[in-house]
Chemist: 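Before we start, here is the structure in question, set down as structure tokens.
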Number of protein chains: 2
Amino acid sequence: MKLTGTILKLEYTHYSTDREHLNNMMLIPLQTDTTDSPASAAASSLSQPDGSRTLCSICADRATGKHYGASSCDGCKGFFRRSIRNNHSYSCRFNRKCIVDKDKRNQCRYCRLRKCFKAGMRKEAVQNERDCTNTHRAKGQTVGTLSISVLLQAEASVQQIPALLSPRSHDINAKKTACVGDVFESMKQQLLLLVEWAKHIPEFCSLPIDDRVTLLRTHSAEHLILGAARRSLPCDNLILLGNDFVIPMSGAEVEVSRVAFRIQEELVKPLRDLDITDQEFACLRTTVFFAPDCLGLESPQVVRHLRFQAHLLLEEATCEQRGRFGELLLILPPLQSVAWQMVETLHLAKLLGEARMDSLLLEMLLGEGTKTGDGLCSGNDQTQEQHNDQRASSSNLTSVISHVSTSLANTLSAAHTDWH
Amino acid sequence: MKLTGTILKLEYTHYSTDREHLNNMMLIPLQTDTTDSPASAAASSLSQPDGSRTLCSICADRATGKHYGASSCDGCKGFFRRSIRNNHSYSCRFNRKCIVDKDKRNQCRYCRLRKCFKAGMRKEAVQNERDCTNTHRAKGQTVGTLSISVLLQAEASVQQIPALLSPRSHDINAKKTACVGDVFESMKQQLLLLVEWAKHIPEFCSLPIDDRVTLLRTHSAEHLILGAARRSLPCDNLILLGNDFVIPMSGAEVEVSRVAFRIQEELVKPLRDLDITDQEFACLRTTVFFAPDCLGLESPQVVRHLRFQAHLLLEEATCEQRGRFGELLLILPPLQSVAWQMVETLHLAKLLGEARMDSLLLEMLLGEGTKTGDGLCSGNDQTQEQHNDQRASSSNLTSVISHVSTSLANTLSAAHTDWH
DNA sequence: CATATTCGGTCAAAGGTCCC
DNA sequence: AGGGACCTTTGACCGAATAT
């Protein structure tokens with residue numbers, strides 16, 4: 001504990017690229033403090049931006065500045081350095097949930113070191129090399145900070161009353177099996193809701209218009225599937241659509257119920273086993289949404305940072321339940337796979353002319369799709385174009401990709417207006 | 001944590017201003033005493049002006065420094081700490097005037113403790129119990145049955161010396177650009193190594209033979225890509241193959257270098273930013289491998305549990321560095337996507353008859369592939385069959401899936417024998 | 001060039017261990 | 001069932017290098 005010197009400084013983090021960026025990403029403090037120090041957790045939300053500067057984020061002792069990436073006291077600073085230098089490996093005699101505060105910080109070194117890491121300390125910052133903090137900063141982009149409350153509000157704004165009101169076993173049998181048209185109609189509704197949802201996230205609205213379009217397009221299929229899975233959590237043998245139709249596991253058209261089956265098996269069941277909470281779902285959706293790669297994003301680093309914050313919030317929302325965070329993230333690969341299969345099914349339906357598809361569906365779900373399936377998670381657009389130059393067979397795709405849709409752009413412009 | 005620098009360092013006679021100290025004195029009834037002031041006590045024992053620094057002011061033994069506010073020997077230091085920690089209350093069997101010196105200090109605890117207080121020791125200086133600094137460091141942290149050491153051994157068994165030995169900038173330019181045949185050859189090698197790798201995991205070998213085949217098949221493409229990405233970490237503009245050929249970002253065939261580009265952008269760069277460790281890589285590979293869904297597994301719960309353990313080990317391997325675990329898991333969706341694109345490219349190559357493919361490649365990479373892309377992460381087999389009953393167009397797929405390959409089964413039988 | 005920040009290092013004084 | 005010789009860890013304070 002030091003007696004002298006009060007340090008006050010506003011946090012501003014700028015981004016360069018790649019490695020620098022990642023390091024910086026780790027540095028950004030997340031506001032809420034979950035485990036310990038209930039006092040600071042209460043005050044941290046808005047009132048005390050300086051609290052994180054003057055208080056050690058590990059033990060809540062008085063901080064002497066930022067050390068190794070986290071605002072900390074000299075004790076935790078030295079402890080972290082020694083632990084890393086000497087390559088110490090501690091073990092917790094209890095449940096790895098020891099409280100680390102000023103009084104008890106020496107009682108469990110495992111939990112203390114763990115909290116150092118969780119507070120943002122990086123072992124790369126230790127050792128002889130001096131950590132050159134931002135030697136160069138790019139365009140001076142300011143990156144907003146996602147907050148769980150904003151995400152929950154966004155979720156609430158797209159919650160559908162009818163689907164929630166229907167009690168489990170009673171009404172479900174009364175619901176009608178969806179025909180292809182019903183499915184498409186539901187999809188369109190959900191896509192509009194997705195746009196609506198995104199509009200509630202200021203950080204999204206601050207992105208360049210092209211990036212907003214790209215983000216919405218790229219993973220729209222995954223959002224449809226994720227939403228359907230969430231909606232169908234109480235159902236065992238069917239998928240509940242947003243417009244109150246259902247898709248049974250058998251009895252619907254083959255292509256449709258195959259996707260429905262996979263949603264049940266690979267998504268609904270795991271989510272039900274986990275008993276996913278609203279907070280977790282909100283964070284998971286956001287993590288899916290801000291996918292930094294596989295896009296032609298103008299500012300991929302910003303998106304990357306937003307996803308980073310989203311998954312930090314997700315981890316927080318899991319309340320440190322062992323393995324829960326990992327299980328939730330491991331939902332994403334099958335989600336992607338199922339979504340991709342749905343898109344393929346749509347492609348097929350479109351090719352066969354089985355149904356009339358709305359232009360919104362065409363644009364958001366199939367807009368980037370090609371026969372070779374770059375649709376769901378395509379490579380970098382420039383490369384795509386570069387290669388397409390040499391490949392006449394999909395030159396039409398290029399124009400589709402580079403074309404910014406009127407309808408989507410309009411919708412997004414409205415969203416942008418809402419926030420600025 | 002120090003209150004003021006002066007009390008402890010300069011004078012131990014400041015006890016009189018220390019209210020706590022007075023309280024402490026109350027704990028032990030003080031009677032008339034001949035040696036009142038600690039200073040006089042110290043000086044009286046031996047007439048040395050600096051004797052207070054070298055002599056224990058309690059028992060006049062050799063002092064080892066200041067302890068708890070008084071210059072003292074290790075014996076009195078330890079005695080005072082134990083007395084305070086255990087909240088001992090002693091009593092004098094005589095008249096509380098026992099002589100406390102080096103020889104007789106253990107004859108009356110009451111008088112010894114009282115003299116500790118009189119010499120200036122403060123009970124506040126005794127801290128809480130700390131974490132054991134036990135010499136036998138039992139790390140190992142074996143979660144369940146999978147152990148990190150087994151995974152590391154498995155990794156080591158498939159490490160390729162030539163690829164690792166080649167220094168970065170020197171040899172890379174000398175390496176030849178792979179033709180399609182070279183790529184296939186490398187793939188085959190890597191697939192065999194994958195089987196070899198799996199054989200090193202006892203939990204894998206204990207699975208039913210069909211499940212082993214399924215696991216190996218289902219995500220073999222992802223393992224190829226993951227391995228290539230890891231191997232290419234030091235390379236900026238090319239993908240390094242296992243057989244020492246390279247795939248440049250441009251200059252190779254279009255289809256090939258498109259996949260190569262995505263590997264670089266979506267996998268190599270993030271992994272390089274994270275500076276993934278060997279442990280983490282081993283755990284990540286295992287997490288990918290034990291995919292419980294999207295299979296026709298006999299015992300999906302076992303596989304699910306194995307993946308659970310794998311990602312717990314991964315989390316442990318990240319040392320709880322903030323956000324690192326999440327960043328690593330979020331590598332998996334793009335990994336899946338890139339792997340799927342590679343499989344599609346292979347399909348295309350096969351259809352166009354561009355190259356002769358080994359049967360192992362056909363079986364492991366394309367064995368489950370269909371035009372609608374169930375290959376990478378197919379649905380449940382029973383459903384697949386059920387639907388196929390009604391759909392003649394892919395009935396041949398059913399037989400392929402339900403057919404247990406001879407070559408793979410043989411390889412795996414050998415593996416099984418190794419372990420039983 | 002001054003100031004603020006954050007590295008690395010030092011060492012008194014805490015801690016713990018373990019034979020006696 | 002402590003005592004105490006011996007060793008490790010802690011953290012307040014310091015100087016140095018760097019960004020501002």
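Labels below follow one simple rule: chain letters A, B, ... track the order of the sequence lines, proteins then strands, and each chain is numbered from 1.
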Chemist: Provide, to the nearest angstrom, the distance between the NE2 atom belonging to B/His67 and the C1' atom belonging to C/dA12.
Modeler: 9 Å

Chemist: Using heavy atoms to find the nearest nucleotide of DNA chain D for B/Phe79 and B/Asp74 separately, return the residue whose nucleotide is more 5′.
Modeler: B/Phe79

Chemist: Only counting residues at least two apart or in another chain, list the ones meeting salt bridge (Lys or Arg N to Asp or Glu O under 4.0 Å) with B/Glu280.
Modeler: B/Arg324

Chemist: Could you check how far OH of B/Tyr90 sits from C1' of D/dG3, rounded to whole Å?
Modeler: 11 Å

Chemist: Can you see if the side chain of B/Arg105 gets near the phosphate of D/dG4 - specifically, an N or O under 4.0 Å from OP1 or OP2?
Modeler: yes

Chemist: Within this structure, what is the CZ-to-C1' distance between A/Phe80 and D/dG11, rounded to whole angstrom?
Modeler: 17 Å

Chemist: Whether the side chain of B/Ser147 engages the backbone of B/Val150 through a donor-acceptor N/O pair (distance < 3.5 Å, no angle test) should be reported.
Modeler: yes

Chemist: Under 4.0 Å: is that the gap between some side-chain N or O of A/Arg81 and OP1 or OP2 of D/dT9?
Modeler: no

Chemist: Write down the distance between CZ (B/Arg85) and P (D/dG3), rounded to a whole number of angstrom.
Modeler: 14 Å

Chemist: I need the CG-C1' distance between A/Asn86 and C/dG9, as an integer number of Å.
Modeler: 14 Å

Chemist: Do the side-chain N or O atoms of A/Arg122 get closer than 4.0 angstrom to the phosphate oxygens (OP1, OP2) of C/dC7?
Modeler: no

Chemist: For A/Phe79, is the NZ or CZ atom of A/Arg105 found under 6.0 angstrom from the centre of its six-membered ring and inside 45 degrees of the ring axis?
Modeler: no

Chemist: Let me know the distance between NZ of A/Lys104 and P of D/dT10, rounded to the nearest Å.
Modeler: 17 Å

Chemist: Just to confirm, is there a sub-4.0 Å distance from OP1 or OP2 of D/dA5 to any side-chain nitrogen or oxygen of B/Arg62?
Modeler: no

Chemist: Which whole-number value in Å describes the distance from B/Lys77 NZ to D/dC6 P?
Modeler: 13 Å

Chemist: Check A/Asp61, A/Ile58, A/Leu55 against A/Lys102 for a side chain to side chain contact (heavy atoms under 4.5 Å, CB included) and give me the one that passes.
Modeler: A/Asp61

Chemist: Pick base, sugar-phosphate or nothing for A/Gly75, based on heavy-atom distances below 4.0 Å to the nucleic acid.
Modeler: sugar-phosphate

Chemist: Considering just the side-chain nitrogens and oxygens of A/Tyr68, establish if one lies under 4.0 Å of OP1 or OP2 belonging to C/dG8.
Modeler: yes

Chemist: So, OP1 or OP2 of D/dG11: does either fall under 4.0 Å of a side-chain N or O from A/Asn106?
Modeler: yes

Chemist: Ignoring hydrogens and angles, answer whether the base of D/dG4 and the side-chain atoms of B/Arg82 contain a donor-acceptor pair closer than 3.5 Å.
Modeler: yes

Chemist: Start with the C-alpha gap between A/Phe80 and A/Phe117, add the side-chain angles, then the distance that decides, and say whether ring-ring contact (aromatic ring centres under 6.0 Å, His included) holds.
Modeler: CA-CA 9 Å; A/Phe80 187 76; A/Phe117 279 121; 5.3 Å; yes

Chemist: Grab the CD-C1' distance between A/Glu124 and C/dG8 for me, whole Å please.
Modeler: 18 Å

